[in-house]
Amino acid sequence: MKTEPSRCDVLICGAGPAGLVLAIDLARRGVSARLVEKLDRPFTGSRGKGIQPRTQEIFEDLGVIDHIIARGAEYPPQRFYSADGRFHDESMVEPFEVTAEEPYHLALVIPQSTTEGVLRAKLLEYGRAPEFAKELTDFTQDAGGVQATLRTPQGLETVQASYLVGCDGGRSFVRHHLGIDFPGKSLGIRALTADVRVPGLSREVGHRWNDGDMTAQVGFDPLAGSDLFCLQVPVPLEGDVDLSAKNLTALVRQRTGQALTITDVEWSSVFVMGARLAAKYRVGRVFLCGDAAHVHPPTGGQGLNTSVQDAYNLGWKLARALERGDEEILATYEEERRPIAESMLGLSQTILDKEKEQGGRKRGREVLQLDLSYAGSSITVTEPANRPLAAGDRAPDAPFTTAAGLPKRLFDVFRGPHSTLLAFEPSIELKPLVGGQVYRIGEHGEIRDTQGAIARSYGLAKGDLVLIRPDGYIGAIVPESSFERLSPLT
Ligand SMILES: Cc1cc2nc3c(=O)[nH]c(=O)nc-3n(C[C@H](O)[C@H](O)[C@H](O)COP(=O)(O)OP(=O)(O)OC[C@H]3O[C@@H](n4cnc5c(N)ncnc54)[C@H](O)[C@@H]3O)c2cc1C
């Protein structure tokens with residue numbers, strides 16, 4: 001039996017990483033949102049376990065980074081075994097210099113289920129939680145909103161929302177229902193991944209046998225915060241795969257020649273790697289976000305990260321559309337995020353091809369996602385055009401001293417749902433901005449650039465203004481004579 005429709009501003013379908021991040025971002029903005037999930041309990045596997053530095057910055061803004069770091073670990077070195085039983089250890093990451101501009105420079109390993117648990121705990125701080133065992137089964141939309149039907153253990157429920165966001169994964173119901181194409185390709189690789197116990201196997205390193213051989217490769221990665229390893233093994237494209245501990249033990253022994261025993265399988269999945277990108281991210285009042293809009297091969301650990309960043313790009317725009325009736329900003333979600341997913345798909349594939357051809361898994365700076373930029377987006381303004389840092393680029397961190405003489409970082413003032421205006425030694429009176437916090441940098445300002453770090457990393461001269469968007473990208477970088485251009489952007 002259907003009930004009377006309940007109302008909310010945003011209905012989020014799917015409580016994976018993308019849905020949870022969107023729910024937190026909307027909650028901290030005071031937007032009424034519901035997060036529905038068809039599973040009757042939280043997902044338990046390790047799946048997307050690499051958290052890249054840019055995502056760590058977002059997690060800092062959302063107030064969860066220390067909880068994530070405390071439960072995760074740095075990528076351990078990889079131990080490569082040769083046929084004669086000898087091995088050598090290699091670091092997976094290029095060593096990057098730690099700089100004040102980039103406080104997070106190493107990818108973290110943390111099981112996806114742990115990340116989701118931390119995000120659910122944060123959501124609960126706002127008095128909200130995913131609604132489990134509620135599956136979106138139908139929706140219609142008109143100019144006034146979206147009417148959605150949920151299947152629940154108590155029967156059908158109707159929800160009236162201003163917007164619907166499909167964060168419902170690679171097989172997205174929302175995408176299918178909208179009839180959005182999902183072109184791309186299957187990559188001709190089928191793999192099993194399983195979270196397993198292997199007593200006696202060293203947890204100091206990841207273990208790789210037959211690296212680069214897509215018919216015989218075996219990998220075990222220790223999962224932080226548990227006594228589990230994530231086992232990854234390519235399997236034939238066709239046929240059933242027995243995922244019992246007994247069969248996995250036999251498979252691993254046959255491929256490695258080692259007397260390893262898998263005693264327990266906590267979670268497992270068999271999947272065909274694919275690279276696909278939705279033809280559109282939006283139809284009217286309905287959006288696609290995360291894996292619903294793009295699927296990647298797991299190489300390079302980009303899938304979850306790209307999904308979290310989609311949600312982070314969409315959250316403040318939905319809030320602005322609801323608060324200020326600024327519907328136009330919603331078009332910039334696809335404009336900014338679809339090209340990023342396109343390049344991430346290319347990157348994951350390039351890494352996969354390299355792995356197939358040469359073995360080895362060393363990752364370069366390109367996987368960190370710190371150089372992603374929305375430069376050229378229709379909501380960015382750079383004046384004059386030839387600046388070292390342009391609007392659309394990521395806003396770097398920098399140390400400074402407060403007017404009270406305390407040490408702080410720019411990320412401290414960016415943290416929260418607001419925009420931030422930095423005015424470098426301004427000579428004009430700065431009016432307050434709706435939704436924007438204003439800081440003057442200078443000898444008598446709120447921010448004292450005592451080490452010259454802000455001027456250096458932003459390339460600022462006297463009278464320059466930098467508007468930092470709520471998602472940590474530069475929205476505008478202009479001389480103070482263009483102050484009036486900023487208010488529509490805050
Ligand atoms: C086997 C495997 C291994 C992976 N390994 C890696 C890796 O090593 N590194 C990496 O970065 N990424 C990896 N990924 C990708 C990563 O897990 C995803 O990118 C990430 O989970 C995407 O998050 P999401 O929130 O968009 O979607 P999901 O995590 O898929 O969440 C979607 C949620 O929507 C729910 N849902 C679906 N339909 C409905 C409906 N109709 N109503 C209500 N709820 C619904 C689902 O139950 C699910 O909980 C892997 C993925 C898989 C499948």
Side-chain angles (χ1 to χ4, degrees), residues 11-23 34-52 55 75 107-113 115-116 119-120 130-139 148-152 157 159 164-177 189-195 206 219 221 223 230-233 243 267-276 278 287-311 314 341 344-345 347-348 351-352 361 363 367 369:
L11 177 63
I12 307 168
C13 174
L20 285 163
V21 164
L22 184 59
R34 285 178 65 184
L35 174 60
V36 294
E37 166 58 54
K38 73 175 176 186
L39 298 177
D40 60 5
R41 69 194 70 176
F43 166 77
T44 54
S46 66
R47 250 167 82 169
K49 53 195 165 302
I51 305 290
Q52 301 296 345
T55 307
Y75 269 90
L108 280 176
V109 197
I110 177 169
Q112 179 167 329
S113 52
T115 300
E116 291 183 11
L119 294 171
R120 279 194 303 276
E131 298 174 45
F132 288 102
K134 292 198 175 176
E135 179 178 4
L136 179 72
T137 54
D138 192 18
F139 62 86
T149 304
L150 306 177
R151 182 162 46 217
T152 81
E157 180 185 341
V159 182
L164 167 66
V165 186
C167 298
D168 52 346
R171 297 202 175 104
S172 172
F173 163 76
V174 174
R175 190 186 66 236
H176 281 111
H177 197 67
I189 299 172
R190 190 167 174 237
L192 80 76
T193 176
D195 296 346
D221 293 301
L223 289 172
C230 177
L231 167 67
Q232 283 171 310
V233 186
L243 293 163
W267 168 80
S268 60
S269 166
V270 177
F271 64 105
V272 178
M273 289 186 199
R276 297 184 182 279
F287 296 81
L288 298 179
C289 180
D291 271 20
H294 42 76
V295 290
H296 308 240
T299 42
Q302 305 291 292
L304 179 145
N305 294 275
T306 308
S307 300
V308 162
Q309 291 172 51
D310 284 347
L314 183 58
M344 287 299 144
L345 284 176
L347 176 64
S348 307
I351 295 173
L352 184 65
R361 300 163 71 85
R363 307 281 188 252
V367 299
Q369 303 201 344

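Indexing begins at 1, ligand by ligand and atom by atom, following the structure's order.
Per-residue contacts place Lys134 under 4.0 angstrom from the following atoms of ligand 1 (heavy atoms of the residue considered): 43 (C). Those atoms of ligand 1 with a heavy atom of Lys49 less than 4.0 angstrom away are 8 (O), 9 (N). The atoms of ligand 1 that sit less than 4.0 Å from any heavy atom of Gly290 are 26 (O). Close contacts between ligand 1 and Thr193 involve ligand atoms 1 (C) [criterion: under 4.0 Å to a heavy atom]. With ligand atoms numbered from 1 in the order given, ligand 1 contributes 10 (C), 11 (O), 12 (N), 19 (O) to contacts under 4.0 Å with heavy atoms of Leu304. Distances below 4.0 Å separate heavy atoms of Leu39 from the following atoms of ligand 1: 47 (O). Near Cys167, with a cut-off below 4.0 Å to any heavy atom, the atoms of ligand 1 are 32 (C), 33 (C), 34 (O).
Contact annotation: for His296 versus ligand 1, there are no heavy atoms closer than 4.0 Å.
Considering only heavy atoms from C-beta on, Gln302 comes within 4.5 Å of Gln369 through its side chain. Side-chain contact between Thr55 and Leu108 is absent, with no heavy-atom pair separated by less than 4.5 Å. Within the 4.5 Å cutoff, the side chain of Thr193 has heavy atoms near those of the Trp267 side chain.
Within the set Gly45, Pro17, Ser269, Gly169, the minimum heavy-atom distance to atom 29 (O) of ligand 1 is found for Pro17. Across the listed options Asp291, Asp221, Ile12, Asp291 owns the non-hydrogen atom lying nearest to atom 20 (C) of ligand 1.
Salt bridge Arg120/Glu37: absent, no basic N to carboxylate O contact under 4.0 Å.
With Ser307 contributing its side chain and Gly303 its backbone, the two residues share a donor-acceptor pair below 3.5 Å. Side chain of Ser113 to backbone of Gly45: a donor-acceptor contact under 3.5 angstrom is found.
Ligand 1 has a nitrogen or oxygen under 3.5 angstrom from a nitrogen or oxygen of Arg47. Close N/O approach between Lys38 and ligand 1 is found [any backbone or side-chain N/O within under 3.5 Å]. Considering backbone and side-chain N/O atoms, Leu136 comes within less than 3.5 Å of an N/O atom of ligand 1. Taking only nitrogen or oxygen atoms, main chain and side chain alike, Glu135 does not reach within less than 3.5 Å of ligand 1. Residue-to-ligand polar distances place Ala18 within reach of ligand 1: an N/O pair is separated by less than 3.5 Å.
For the pair Arg175 and Phe173, the cation-pi criterion (under 6.0 Å, within 45° of the ring axis) is not fulfilled.
The neighbour count for Arg276 CZ, taken as heavy atoms of other residues, nucleotides or ligands under 6.0 Å away, is above 12.
Heavy-atom distances between Phe271 and ligand 1 reach below 4.0 Å in at least one pair.
Taking all atoms of both residues into account, the shortest heavy-atom contact from Pro130 to Ala15 is CB-CB, 3.8 Å.
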Decide yes or no on side chain to side chain contact (heavy atoms under 4.5 Å, CB included) for His294 and Asp310, but give the supporting numbers first. CA-CA 10 Å; His294 42 76; Asp310 284 347; 2.7 Å; yes
